[in-house]
Protein chains: 2
Amino acid sequence: MTSLRADAARNRALLLATARQAVASGDLSLQLNEMARRAGMGVGTVYRHFPTRRALLEALAEPAFAAVLDGARTASLHDDPWTGVEILLRALLLQQLADPAFAEVIASPATDDAIPQTTAQRNEFNALARTVLARARETGALRPGLTDEDLHHLVCGTAFALGLGPTPAARVDAYLRVLLDGVAGRAE
Amino acid sequence: MTSLRADAARNRALLLATARQAVASGDLSLQLNEMARRAGMGVGTVYRHFPTRRALLEALAEPAFAAVLDGARTASLHDDPWTGVEILLRALLLQQLADPAFAEVIASPATDDAIPQTTAQRNEFNALARTVLARARETGALRPGLTDEDLHHLVCGTAFALGLGPTPAARVDAYLRVLLDGVAGRAE
DNA sequence: ACAGGAAACGGATTGTCAATCCGTTTAGGT
DNA sequence: ACCTAAACGGATTGACAATCCGTTTCCTGT
């Protein structure tokens, strides 16, 4: 059976909305007890829908993940390989800034208790990124010696760096410029 | 009264040693109850010496901070401004890698419950960094538009990025190269 | 319409750890 | 040796994660 009972679907949606609001108001702790209280349901219900904080986090990150996938597709279709890299890294960085839950999910390695949705998105993203980066390497646009993982880590690091400042959004372009210039090949 | 009673000094040292070993073995959680158990003393004693996890963390970071200060002094004395920047950023990055406690302290803003030692070191470091960076800006070696804080954040971000990989130490030079090329001025 | 049973709910409960409080012990000056 | 301030130990309180199970709700088949 793939569909939820009516009350379960309602509660799940309510819970996600509550959690999203919490994150939006700057509280990324996502205490499940507290979420239950705010959503007006028992803790048991919350834990049935999201067995761990992580599960809730991944569910929250789903839309941001989809947005990044869009960006990655656009990147892979662009004529110029280096522009593709710019689009890819920019999308990844912007979504981390827009959604702290996504930032946390994407920065940590795939776990085996990840929800299927997340695993699928992660795999698709990795595949797209692989083609974009491979193309850029072939043309020498990308600095040699950097793996796909290195790039991934560096973008997450840049997001982390932005988060240390008082107004991350105001510095995105500057930090992204630093990153792009740093990872560009000499030929660029 | 500036000196501790003999038993207090002994316990403090024992506690620091215990905590250092915990961090060295990969446990950065520094649960104060657990530290008490391992050091063979009551929790009350632990909390008297280090009222919060943060206080313990800062005490642990002290030697790493001193090492960075050394690096910063060397950097400020070097003839070539850009080389000074390289030395400065490299020292900051290496110590974060060598000591996770230091990484955590340096990445978070100065708190008013910081121990005096830390505050002093932080101030001295900021002063040294300011002169090194100012000199590099004057000569156009440093990309315009990046503040001292930006540089600080970017180094912390690079350390964070390194931490995401399986063998940080193996990638330090590569990531540092990316950072340095990213923050260098065009004239460089 | 309604009966039966699976699915979901609620919240009491247990376990873990941070942090405090206060009666007891100890160091070290006189 | 005495005395006091300093330090100690660990019981206790409080917050939160996570589980468990008796009760309630949905929805399917008749």
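So you know, we letter chains A, B, ... as the sequences are listed, proteins then strands, and number each from 1.
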Handout entry: Protein proximity profile, nucleotides 25-30 of chain D - base contact B, sugar-phosphate-only contact S, no contact -, cut-off 4.0 Å on heavy atoms
Key = BSS---
Could you pull out all donor-acceptor pairs under 3.5 Å where a side-chain atom in residues 153-168 of chain B meets a protein atom, sequence neighbours excluded?
unit_1: B:H153; atom_1: ND1; unit_2: A:Y175; atom_2: OH; d: 3.4
unit_1: B:H153; atom_1: ND1; unit_2: B:E149; atom_2: O; d: 3.3
unit_1: B:T158; atom_1: OG1; unit_2: B:L154; atom_2: O; d: 2.8

Could you pull out all donor-acceptor pairs under 3.5 Å where a side-chain atom in residues 90-103 of chain A meets a protein atom, sequence neighbours excluded?
unit_1: A:R90; atom_1: NH2; unit_2: A:D173; atom_2: OD1; d: 2.4
unit_1: A:D99; atom_1: OD1; unit_2: A:A101; atom_2: N; d: 2.8
unit_1: A:D99; atom_1: OD1; unit_2: A:F102; atom_2: N; d: 3.3

Going by atom type alone, with no hydrogens or angles, which donor-acceptor pairs under 3.5 Å involve a side-chain atom of residues 12-26 of chain A and a protein atom two or more places apart or on another chain?
unit_1: A:T18; atom_1: OG1; unit_2: A:L14; atom_2: O; d: 2.8
unit_1: A:R20; atom_1: NH1; unit_2: A:L60; atom_2: O; d: 3.1
unit_1: A:S25; atom_1: OG; unit_2: A:Q21; atom_2: O; d: 3.4
unit_1: A:S25; atom_1: OG; unit_2: A:A22; atom_2: O; d: 2.9

Check residues 35-46 of chain B and write down every donor-acceptor pair under 3.5 Å in which the side-chain atom is one partner and the other belongs to a residue at least two apart or another chain.
unit_1: B:R37; atom_1: NE; unit_2: B:E34; atom_2: OE1; d: 3.4
unit_1: B:R37; atom_1: NH2; unit_2: B:E34; atom_2: OE2; d: 2.9
unit_1: B:R38; atom_1: NE; unit_2: B:E34; atom_2: OE2; d: 3.1

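Remark: nothing in residues 29-36 of chain B comes within less than 4.0 Å of DNA chain D through any heavy atom. Residues from residues 37-49 of chain A with heavy atoms under 4.0 angstrom of DNA chain C, sorted by number: A:M41, A:G42, A:V43, A:G44, A:T45, A:R48, A:H49. Within residues 53-61 of chain A, no residue has any heavy atom under 4.0 Å from DNA chain C.
Taking atom CG on B:L15 and atom P on D:dA7, their separation rounds to 14 Å, with Å as the unit. We find that CG of B:N11 is positioned 17 Å from P of D:dA6, with the value rounded to whole Å.
Pairs passing the ring-ring contact (aromatic ring centres under 6.0 Å, His included) check and including a residue from residues 6-33 of chain B, sequence neighbours excluded, do not occur. Here salt bridge (charged side-chain N to carboxylate O under 4.0 Å, His left out) pairs that include residues 152-163 of chain B, with residues two or more places apart or in two chains, number zero.
Every residue two or more places apart in sequence or in another chain that forms a side-chain contact (heavy atoms from CB on, under 4.5 Å) with B:T111 is listed here: B:R54, B:E58, B:D113, B:A114. Partners of A:F50 according to the ring pair (Phe, Tyr, Trp, His ring centres under 6.0 Å) rule, which considers only residues two or more places apart in sequence or in another chain, do not exist here.
Of the possible polar contacts, one joining the B:H152 side chain to the B:I106 backbone as a donor-acceptor pair under 3.5 Å is found. Between the side chain of A:D150 and the backbone N or O of A:T147, at least one donor-acceptor pair lies under 3.5 Å. Looking only at distances, a side-chain donor or acceptor of B:S108 sits under 3.5 Å from a matching main-chain atom of B:E104.
Taking all atoms of both residues into account, the shortest heavy-atom contact from B:R53 to B:S29 is NE-O, 3.0 Å.
In this structure, the separation between OG1 on A:T74 and CG on A:L88 is 10.5 Å, given to the nearest 0.5 Å.
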